[in-house]
Amino acid sequence: MRQARAWLPLIGAASLLGSLGMLALPLALAAAVDAVASGRDATGPVALATGLVVLGVLCDLAESWAETACAATTSARLRTGLVRRVLAAPHQVGRFDTGDLVARISAGAADAAHAGPSAVSAAAAVLPPIGSLVILIWLDWRLAAAFGVGLALVAVVLRLFAKQTATAALRYQEAQGQMAARLTEALEGSRTIAAAGTFGTEIRRVLAGLPDLSRYGRATWKALSAAGSRAAIAGPLATVGVLTVAGFLVSTGDLTPGELLAAGQYAMLGAGLGSLTGVVAALARAKAAVGRLAEVHDLSAMSYGTDHLPAGGGRLEFQAVSVSHESTPLLRDVSVTIPGGALAAVVGVSGSGKSILAETAVRLRDPDSGTVTLDGRPLPSLSRMELRRATGLAPARPALAGATLADAMGPGRPRPQVLAAARAVGAHDFATRLPATYDTPLPDIPMSGGEAQRIGLARAWHADRLLVLDDATSSLDLLSARRIEEALAATGRTRLVVTYDAALAARADLVIWLHDGRVRDTGTHEALWADPDYRAVFAQ
């Protein structure tokens, strides 16, 4: 509603003016009929009725234009805000499946954007029945009594329709999100699926939600048809009741023929369900979408401090750090210190918490307890700019984003800085062989796993104190990986490297051996090698 507030007064004014004109029209027609019946000049009432019809058309056009513009503007603002919220909460966004999250932000935002206009339309839709009831009371209270019975039936029909539609709309959007999540998984693993020959199985898995989607879609239409069938009884009953009473009043001289016409018009106007069902359905879809977007909006953005790092060499310290996810411990009371400028290797079996430690080191997630410091400063106390300038993370499977190769290597960074990083990680030769070199569109670049890792390394190369490599050279040949390691050592930065490579661990100044989320031991590779369990880590 806040996002749409600039448009809502215009929509409300158009709706209100149109409804008032609609309520005035039967009285103008009644005056024209009575004038003709009595032999008076009907030019004035006819002109007034014509003006009211034109006013109604103009109000409908203005309302339609404003609602469309409002929905488009609000959708854009909602999507912008939600994307900001998601990107600002890297520590919490994992609770959503990627495809479902995209469905919420794209289709969900479009449905939620109609909340404001639909609420205004719902309020305006109440005016014709209430106005009709008031005017019928003014004409004759007996007309209003007959109309009230039919209006009560209409209210019951609308209540049932709203309840059924709200449930169906929510279930439909949930099924849509689940299908989107499965489709995203399939697209990410399309090569694996093709290689395994499970194409047909995967199609069936992705589309497994179609029956649910169909069922909830049909439920919406069923609710609409049920409302229509009930309206076929409730609406005409109200009209027939009013006309019966009006006919009796005309016969007794208490009502004129024109007023008889007006009474019939007000009965149909007040009991009509055509526009009301559309408004209720739009509100139901908007309510369901808002509920799903609220879960995304509840993500708490990672807060930053204002501190700057003192002079130092990148000393990294974990002090009793524990991390959990949905009550499952991932790191348990980890305490370790990595001297500035050192190469620290993190080793352990799969699931021991290595990647969680890497993410915590650069504050992509915060510990549930304990503190991580860089050169004596707790990471949460640093400003966003200071933290992201000082640290960088290169994952094993980098998610590459950007319009061009240069954007993927150094988003927002000067071209000389991008070229320097590319040369350092051995990606410059690869880039210069492309048709437009660094300006080649990213989707047009054929790349191996090793080339993707080089791009990921180049993107993280800007870090001036701490660079974390989460198995980031696993797809490179030994010579290339060694050259990158030497280039890193020459910069004097602290390096925290998650690895399964015994040779790399042997060259490290410090080895951190994780097991079941705990630090089982620390020391040099040579000292730890005497333990058979440590040797077993590299035998997997």
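Numbers here are sequence positions counted from 1.
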Please determine if Arg142 forms a cation-pi arrangement with Phe248, meaning its NZ or CZ atom is less than 6.0 Å from the six-membered ring centre and no more than 45° off the ring axis. no
Check [X] against [Y] and note the closest heavy-atom contact, atom names and distance.
| X | Y | result |
| --- | --- | --- |
| Val290 | Ala112 | CG2-CB, 3.8 Å |
| Ala169 | Ala288 | C-CB, 4.0 Å |
| Ala113 | Ala71 | CB-O, 3.5 Å |
| Leu139 | Leu255 | O-CD1, 4.4 Å |
| Ser118 | Ala282 | OG-CB, 3.4 Å |
| Arg365 | Val323 | CD-CG1, 3.8 Å |

N-O pairing of [X] and [Y] below 4.0 Å:
| X | Y | value |
| --- | --- | --- |
| Arg104 | Glu295 | yes |
| Asp100 | Arg292 | yes |
| Arg415 | Asp439 | yes |

Which residue pairs pass the ring pair (Phe, Tyr, Trp, His ring centres under 6.0 Å) test when at least one of the two sits in residues 126-146, sequence neighbours left out? none
Can [X] and [Y] be counted as having a side-chain donor-acceptor contact under 3.5 angstrom?
| X | Y | value |
| --- | --- | --- |
| Arg285 | His114 | no |
| Asp368 | Ser322 | no |
| Thr73 | Arg77 | no |
| Glu67 | Ser121 | yes |
| Arg413 | His462 | yes |

Spacing of [atom1] belonging to [X] relative to [atom2] belonging to [Y], to within rounding of 0.5 Å:
| X | Y | atom1 | atom2 | value |
| --- | --- | --- | --- | --- |
| Leu364 | Asp470 | CG | CG | 10.5 Å |
| Leu330 | Ser324 | CG | OG | 6.5 Å |
| Gln173 | Leu213 | CD | CG | 10.5 Å |
| Gln178 | Asp212 | CD | CG | 7.5 Å |
| Thr306 | Met385 | OG1 | CE | 14.0 Å |
| Glu63 | Leu17 | CD | CG | 10.5 Å |

Beyond-backbone contact of [X] with [Y], side-chain heavy atoms, under 4.5 angstrom:
| X | Y | result |
| --- | --- | --- |
| Leu207 | Met179 | yes |
| Leu387 | Tyr304 | yes |
| Thr404 | Thr440 | no |
| Leu382 | His308 | no |
| Val372 | Arg363 | no |
| Ile445 | Leu434 | yes |
| Arg459 | Leu400 | yes |
| Ile455 | Pro398 | no |

Trace of the side chain to side chain contact (heavy atoms under 4.5 Å, CB included) decision for Asp366 with Thr360: CA-CA 6 Å; Asp366 284 327; Thr360 307; over 6 Å; no
Please set out all donor-acceptor pairs under 3.5 angstrom arising from side-chain atoms of residues 45-62, sequence neighbours excluded.
{"residue": "Thr50", "atom": "OG1", "partner": "Val46", "partner atom": "O", "Å": "2.9"}

Please walk me through it: do Asp140 and Leu136 pass side chain to side chain contact (heavy atoms under 4.5 Å, CB included)? CA-CA 6 Å; Asp140 192 288; Leu136 288 175; over 6 Å; no
Taking side chain to side chain contact (heavy atoms under 4.5 Å, CB included) as the criterion, tell me which of Leu78, Val86, Thr80 meets it with Ile105. Val86
Show your working on side-chain hydrogen bond (donor to acceptor under 3.5 Å, both in side chains) between Arg205 and Thr201 and close with a plain yes or no. CA-CA 6 Å; Arg205 187 184 75 87; Thr201 302; over 6 Å; no
Apply side chain to side chain contact (heavy atoms under 4.5 Å, CB included) to Asp307 and Ser383, showing your working. CA-CA 6 Å; Asp307 289 354; Ser383 68; over 6 Å; no
Looking only at atom types and distance, does a side-chain atom of Asp97 sit under 3.5 Å from a main-chain N or O of Gly99, one as donor and one as acceptor? no
Does Arg388, at its CZ atom, have more than 12 non-hydrogen atoms belonging to other residues, nucleotides or ligands within less than 6.0 Å? yes
Arg215 CZ: over 12 foreign heavy atoms closer than 6.0 Å: yes
Could you check Trp65 against Leu10 for side chain to side chain contact (heavy atoms under 4.5 Å, CB included), going step by step and ending with a plain yes or no? CA-CA 10 Å; Trp65 174 79; Leu10 177 58; 3.8 Å; yes
